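This report refers to the structure that appears directly beneath it.
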Amino acid sequence: MADSVAKAEERRLPRVKPATDIIEKEDGFYIYLDMPGVSKEHLVIDLNEDELKVSGKAEYALAEGQKLGHVEFGGGEYFRSFTVSHIVDKERIKASLRDGVLELHLPRQEKAQPRKIEIQAG
Amino acid sequence: MVIDLSPFYGATTPFDRLFETLWPSMAISQRGTAYPPVNIGEDDENLYVRCEIPGMAIADLDLTLTDSSLVIKGERKAERGKYYRQERPTGVFQRVVNISGGVSRDKVTATMRDGLLEVVLPKSDESKPKKISIVTV
């Protein structure tokens, strides 16, 4: 019973899918997620096998005595999952959070770099 | 396909997939309001204008205070590379917030934290609510 109450409390924040860019550059793939209001402490990144899960929480607590007159955004629970391809080097995935944008760098595996095959004339 | 985020591929359970398609997307085109979104709050001392602008440093923002409005201007630049998916908005944006009532213009402060801009506009003494004491005769 107490459990379900706690859950209901957590559910108060709407779940949102953060806007995401996926870009391929020379040194691998980059994923950018817009997560405004999420601090480093409230961000969780999980890599399980091929599944990369990103979740974060933005909560805007209002100071006492303050009223909101006009509201266009509120806090939310961000959640998004990605399937990581086998050509990504999972050991070297890097994440950084700056100004509310999470950057994930997924470098290619060394052996997945394109290479020329030499043809031997017999 | 190298990385696939489509709801029909890769998500763990059918339920996950269903929920992921149902959550509202944060993409601007689907939100149908002006960008960036603004919240306006107030207490006895100050007016608060808050704005969600991820990925912008405060130096890249252009804040202008005129007599009756606060203008927030800036540009979100796109990364270079080969895009597989692009949902984050780019380009120039501008938002005008009307400020009614007197504000002490010299004491306005702006802070940026985790992609959230907060502008605090202290109310001028004239516009603060005053109690009027009624004297019974």
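Chain identifiers are assigned alphabetically (A, B, ...) following the order of the sequence lines, protein sequences preceding nucleic acid strands; residue numbering begins at 1 within each chain. It should be emphasised that the depicted structure is a prediction, and the values quoted were computed from it without experimental measurement. When reading the values below, keep in mind they use all heavy atoms of this one structure, side chains included, and skip hydrogens, waters and symmetry mates.
No donor-acceptor pair under 3.5 Å is formed between the side chain of A/D34 and the backbone N or O of B/G55. A distance-only check finds a donor-acceptor pair linking the side chain of B/K123 to the backbone of B/D43 [under 3.5 Å].
Looking only at atom types and distance, the side chain of A/T20 has a donor-acceptor partner in the side chain of A/R80 under 3.5 Å away. For the 3.5 Å distance criterion, the side chains of B/N39 and A/Y60 fail to qualify, holding no donor opposite an acceptor. No hydrogens or angles considered: a donor-acceptor pair under 3.5 Å links the side chains of B/Y84 and A/E24.
Here the side chains of A/K57 and A/F79 are not in contact, with every heavy-atom distance at 4.5 Å or above. Put simply, the side chain of B/R50 does not reach to within 4.5 Å of the side chain of B/V38, judged on heavy atoms.
In terms of non-hydrogen atom pairs under 4.5 Å with chain A, the most contact-rich of B/G41, B/P36, B/A78 is B/G41. Taking A/D21, A/V101, A/D50 one by one and counting their heavy-atom pairs under 4.5 Å with chain B, the maximum is reached by A/D21. Taking B/K82, B/R88, B/E45 one by one and counting their heavy-atom pairs under 4.5 Å with chain A, the maximum is reached by B/R88.
For A/L62, the part sitting under 4.5 Å from any heavy atom of chain B is the side chain, from C-beta outward, and nothing else. At a 4.5 Å heavy-atom cutoff, the contact between A/Y32 and chain B is made by backbone and side-chain atoms alike.
Taken from CE in B/M56 to CD1 in B/I72, the straight-line distance is 10.5 Å, to the nearest 0.5 Å.
Interface with chain B: from residues 63-71 of chain A, residues A/G65, A/Q66, A/K67, A/L68, A/G69, A/H70, A/V71 qualify, criterion being any non-hydrogen pair under 4.5 Å.
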